[in-house]
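Residues take their numbers from the sequence shown, with the count starting at 1. Given the structure is predicted, the values throughout are model-derived calculations rather than measurements.
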Amino acid sequence: MRSVIRYVMHRITQHPDTDVTYEAECLRCDWQATPSTDGAAVDVECMSHTGRTGHAGFRRLCTSFALVERARQEQDSDAPRDGGQQERSVPTARP
């Protein structure tokens with residue numbers, strides 16, 4: 001049995017039905033910021049925690065959901081690329 005491998009352009013973007021969620025946790029105690037879609041609000045919570053405790057180190061997380069789809073030929077050369085999109089050729093095997 002032989003396989004044919006061809007390379008197809010794919011695009012990865014943030015899923016259109018979701019938002020980025022920001023989170024933070026203190027590196028010295030069990031404190032955690034309330035997860036939010038507003039990164040600045042999480043940063044303010046971290047600064048308030050530092051003011052109350054003197055703890056200055058935080059682990060920050062940004063969670064998003066991605067959508068991978070095949071790039072259409074006409075989009076590959078003519079469309080402007082958005083900063084949030086990346087394109088790659090990946091192998092697609094067919095038996």
What do you reckon, is CZ of Arg59 surrounded by more than 12 foreign heavy atoms closer than 6.0 Å? no

Distance, nearest 0.5 Å, that separates OG1 of Thr34 from CD of Glu45: 4.5 Å

So Ser36 and Glu23, side chain to side chain contact (heavy atoms under 4.5 Å, CB included) or not? Walk me through it. CA-CA 7 Å; Ser36 175; Glu23 302 174 64; over 6 Å; no

Euclidean distance, Cys26 SG relative to Phe58 CZ, rounded to 0.5 Å: 5.0 Å

Between Cys62 and Thr21, is there a side-chain heavy-atom distance shorter than 4.5 Å? no

Please check this pair: side chain of His10 against backbone of Val8, looking for a donor-acceptor N/O pair closer than 3.5 Å. yes

Any chance you could measure Ser64, atom OG, to His15, atom NE2, to the nearest 0.5 Å? 11.5 Å

Reported OG1-to-CG distance for the pair Thr18 and Leu67, which is rounded to 0.5 angstrom: 9.0 Å

Side-chain (Gln14) to main-chain (Phe65) donor-acceptor, under 3.5 angstrom: no

Is there a path from Val42 to Val20 through hydrophobic residues (I, L, V, M, F, W, Y) whose side chains come within less than 4.5 Å of each other? yes

To the closest 0.5 Å, what do you measure between CD (Glu25) and CG (Leu61)? 6.0 Å

Return the CG to OH distance between Asp38 and Tyr22, rounded to the nearest 0.5 Å. 8.5 Å

Does a side-chain heavy-atom distance below 4.5 Å link Leu27 with His55? no

Check this for me, if you would: do Arg11 and Glu69 make a salt bridge, where the nitrogen-to-carboxylate-oxygen distance has to be below 4.0 angstrom? no

